[in-house]
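Inspection log for the structure reproduced underneath, given as structure tokens.
Both backbone and side-chain heavy atoms feed into the values below; hydrogens, waters and symmetry mates do not.
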Number of protein chains: 2
Amino acid sequence: MDQPAVLPVGAPRTERADAVRNRRHLLATAREMLAGQGADTLTMDALAERAGLGKGTVFRRFGTRAGIFEALLDDDERAFQEQVLSGPPPLGPGAPPLERLIAYGRARAAFLIEHREIARAALDGSQPVPAGAQTPVSQMHIRVLLGQIPLGAADLDVLAMQLTAALDGPLLLYLSASDLSEAAPQIGERIARGWQDLVERVCRP
Amino acid sequence: MDQPAVLPVGAPRTERADAVRNRRHLLATAREMLAGQGADTLTMDALAERAGLGKGTVFRRFGTRAGIFEALLDDDERAFQEQVLSGPPPLGPGAPPLERLIAYGRARAAFLIEHREIARAALDGSQPVPAGAQTPVSQMHIRVLLGQIPLGAADLDVLAMQLTAALDGPLLLYLSASDLSEAAPQIGERIARGWQDLVERVCRP
DNA sequence: GGCACAAACGGACTTTACCCCGTTTAGTAT
DNA sequence: ATACTAAACGGGGTAAAGTCCGTTTGTGCC
């Protein structure tokens, strides 16, 4: 087994400047293309060409086609997460956990429906992308809130997973509908009410 | 607007014999390949060649790669559905609906874990294939059972969707795990217990 | 500034799902 | 039997994701 070569004392822990620049540029270009044309015309070749970069670079930055949409969604999601972690109640801290849980579901539904185009595109990936699995942040938050609610002897990890799936399931169904954007508000409201009902049923003593 | 040509009086409503034969042959060949090699070596070209048929035929029969795995799964699922619809209680009719619901979750978990390889492969499809969405049979059965349980004023359609997702979510997570087949029984048991707990919480008065 | 090297880049190449369309065949009516 | 039609077949063609590897570039050290 080789030592990792010389390993210059101050190994660069940070991303190179050009890499950062290119990632940003690619994301911006991707957003443009998404806004201008549909998501299907956003091919890796097209993106690379429009950004004036090589295809290899696109793959190096994002790994996969779905990775681009995930990155875009992550980007948008940062603001949302901040509301959850330190915004005003009932979404943010300060409200009783059950109310926060209910508010979280409503907010998440609203967020995904608002960003439906990107969210839908992020589903494409050919790797196994099940419901609540690929949303560790969401699941963790739900898990934490559940921990603050008195539930009898329950497998909290499994319950968190189930609730995450129960929240995402209807949303994914909506996102994968063909028409899309039709009657979004009503659907969001219905999902939010359903979520509230489910959570209250599960958590009542 | 043209009339549909002559339309010979007895238009053939049934699938042609060669089509049926080829579908069966392709499914059998696919099973062979699946058993022999992994699922990734089962490409459309390879399947066509091994079956001695044209590639176009494979696509005509199944439409898409995932379609093959769905067909295989459907095939296996027929027996399962029969148990549900007319087998002995508590899975089949005769038991109280809540018990049937619990038994259904347990049985479905066992079924999917048993057929994990095919089930996993069936996830591939590039079209939006979320959790509980693509399982209308499962969802409908849950929906029907829910209808037989006294729940207050609840949106039963949404609740059925949520529960379907809550059942499928953990299973899909397991199916998409990289190791797979490791500790399958324990996982199945944990999911089954979690399902029972969830359903009892939701349905208690 | 000059050096060394890991990281990043680019674009040709490979693989595979899926499409297209000319040809063949099963099934029916006469 | 024969003719006819819709369905099915075959397999070459296309597009797009993802890989490879030789070349270039940013960065820390002297």
Length of the CZ-C1' vector between Phe59(B) and dC21(C), whole Å: 16 Å
Closest-nucleotide 5' rank along DNA chain D - winner of Asn22(B) and Leu42(A): Asn22(B)
Met44(B) CE - dC19(C) C1' separation (whole Å): 12 Å
Whole-Å distance separating the CZ atom of Arg23(B) from the C1' atom of dA7(D): 13 Å
Side-chain ion pair, Glu15(B) and Arg23(B), N-O less than 4.0 Å: yes
OP1 or OP2 of dC18(C) under 4.0 Å from side-chain N/O of Thr64(B): yes
Whole-Å distance separating the CD atom of Glu49(A) from the C1' atom of dA15(D): 15 Å
Salt bridge Glu82(B)-Arg78(B), side-chain N to carboxylate O under 4.0 Å: no
Interatomic distance where CD1 belongs to Ile68(A) and P belongs to dA16(D) [whole Å]: 14 Å
Side-chain touch Gln162(A)/Pro170(B), heavy atoms, less than 4.5 angstrom: yes
Pairing of Arg193(A) and Asp155(B) as salt bridge, 4.0 angstrom limit: no
Interatomic distance, Asp40(B) CG vs dA17(D) P [rounded to whole Å]: 20 Å
Nearest-neighbour nucleotide for the Ala19(A) side chain, dT19(D), dA8(C), dA17(C) considered: dA8(C)
Whole angstrom value for the distance that separates P of dT27(D) from CD of Glu15(A): 11 Å
Flag, side chain of Thr43(B) to backbone of Ala46(B), donor-acceptor distance under 3.5 Å: yes
Distance test, side-chain N/O of Thr43(A) to OP1/OP2 of dA16(D), below 4.0 Å: no
Under 4.0 angstrom between Thr57(B) side-chain N/O and dG10(D) OP1 or OP2: yes
OP1 or OP2 of dC9(D) under 4.0 Å from side-chain N/O of Arg16(B): no
Position toward the 5' end of DNA chain C (nearest nucleotide), Ala17(B) or Lys55(B): Lys55(B)
Touch class at under 4.0 angstrom, heavy-atom based, for Arg61(A) against every strand present: sugar-phosphate
Whole angstrom value for the distance that separates C1' of dT23(D) from CG of Asp18(A): 14 Å
